[in-house]
Undergrad: 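Here it is, the structure, as structure tokens.
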Amino acid sequence: MRAALGLTLALLATRVFAQGDGAETFEDRCSICHVAGGGGQGPNLTGVVGRKAATAPGFAYTPALKNSGLTWTAANLDKFLVNPGALVPGTAMQVRINDAAQRAALVAYLATAH
């Protein structure tokens, strides 16, 4: 019983830590373009996980992203953040997140951004 509780607490702490790291990564690497409420160089990312690509209102997406057919699943976001132009040739997104742990934390954070 104690072992199960300890494991549960460890997993919860890991998730909170990852989300905290994701918030920091977002602030450091993403927020300059992806402004909450819109109006930035990139679209608002609130609710991005599970959303069809290029569908946030009020943003002029590239034709490449509009025609990508993607839905922003965790896996697709991870691939996109490694190399946006490889997944969607012609996208305007240039920022790459090379570190797998940072990407995972960022995607976890984005999944909680409503």
Side-chain angles (χ1 to χ4, degrees):
M1 180 78 160
R2 284 186 178 184
L5 179 60
L7 178 60
T8 300
L9 291 175
L11 290 172
L12 288 173
T14 300
R15 183 172 180 196
V16 169
F17 179 73
Q19 289 175 352
D21 283 356
E24 290 175 22
T25 299
F26 183 84
E27 189 63 35
D28 292 345
R29 305 286 307 277
C30 310
S31 68
I32 193 163
C33 294
H34 296 280
V35 179
Q41 187 175 352
N44 181 346
L45 297 179
T46 301
V48 70
V49 176
R51 184 170 70 206
K52 187 165 173 53
T55 61
F59 188 77
Y61 289 94
T62 61
L65 204 50
K66 286 180 188 177
N67 296 322
S68 70
L70 290 173
T71 296
W72 292 126
T73 63
N76 282 337
L77 282 166
D78 184 68
K79 289 177 196 173
F80 190 69
L81 291 168
V82 169
N83 185 351
L87 185 62
V88 183
T91 183
M93 171 77 166
Q94 298 297 314
V95 175
R96 296 178 182 198
I97 309 291
N98 294 321
D99 182 86
Q102 271 190 329
R103 282 194 317 276
L106 179 57
V107 171
Y109 170 73
L110 290 173
T112 66
H114 299 288

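Numbering of residues begins at 1 and proceeds along the displayed sequence.
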Undergrad: Considering non-hydrogen atoms only, spot the tightest contact between Ala53 and Ser68 and give its length.
TA: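 The answer is CB-OG, 3.8 Å.
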
Undergrad: If you group Ile, Leu, Val, Met, Phe, Trp and Tyr by side-chain heavy-atom gaps below 4.5 Å, do Tyr61 and Leu77 land in one group?
TA: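 Result: yes, single cluster for both.
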
Undergrad: Could you name each residue pair satisfying salt bridge (Lys or Arg N to Asp or Glu O under 4.0 Å) that touches residues 49-73, not counting sequence neighbours?
TA: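 Listed once each, the pairs would be none.
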
Undergrad: Do His34 and Pro43 come within less than 4.5 Å of each other through their side chains, counting heavy atoms only?
TA: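 Yes, side chains in contact.
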
Undergrad: Here's a test for you: under side-chain contact (heavy atoms from CB on, under 4.5 Å), which of Val88, Leu81, Leu87 qualifies with Met93?
TA: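 Filter result, single survivor: Leu81.
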
Undergrad: Taking the side chain as every heavy atom from C-beta outward, state whether Asp21 and Tyr109 have any atom pair closer than 4.5 Å.
TA: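 Answer no - side chains too far apart.
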
Undergrad: According to a hydrophobic-cluster definition based on side-chain heavy atoms being under 4.5 Å apart (Ile, Leu, Val, Met, Phe, Trp, Tyr only), do Val35 and Phe59 belong together?
TA: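 Different clusters: Val35 never reaches Phe59 through Ile, Leu, Val, Met, Phe, Trp or Tyr contacts under 4.5 Å.
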
Undergrad: Can you name the closest pair of heavy atoms from Trp72 and Val48 and give their distance?
TA: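 Trp72 and Val48 have their closest heavy atoms at CB-O, 3.3 Å.
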
Undergrad: What donor-acceptor contacts under 3.5 angstrom involve side-chain atoms of residues 95-108, with partners at least two apart or in another chain?
TA:
{"residue": "Arg96", "atom": "NH2", "partner": "Asn83", "partner atom": "OD1", "Å": "3.1"}
{"residue": "Asp99", "atom": "OD2", "partner": "Ala101", "partner atom": "N", "Å": "3.1"}
{"residue": "Asp99", "atom": "OD2", "partner": "Gln102", "partner atom": "N", "Å": "2.7"}
{"residue": "Arg103", "atom": "NE", "partner": "Asp78", "partner atom": "OD1", "Å": "2.7"}
{"residue": "Arg103", "atom": "NH1", "partner": "Ile97", "partner atom": "O", "Å": "3.0"}
{"residue": "Arg103", "atom": "NH1", "partner": "Asn98", "partner atom": "O", "Å": "2.9"}

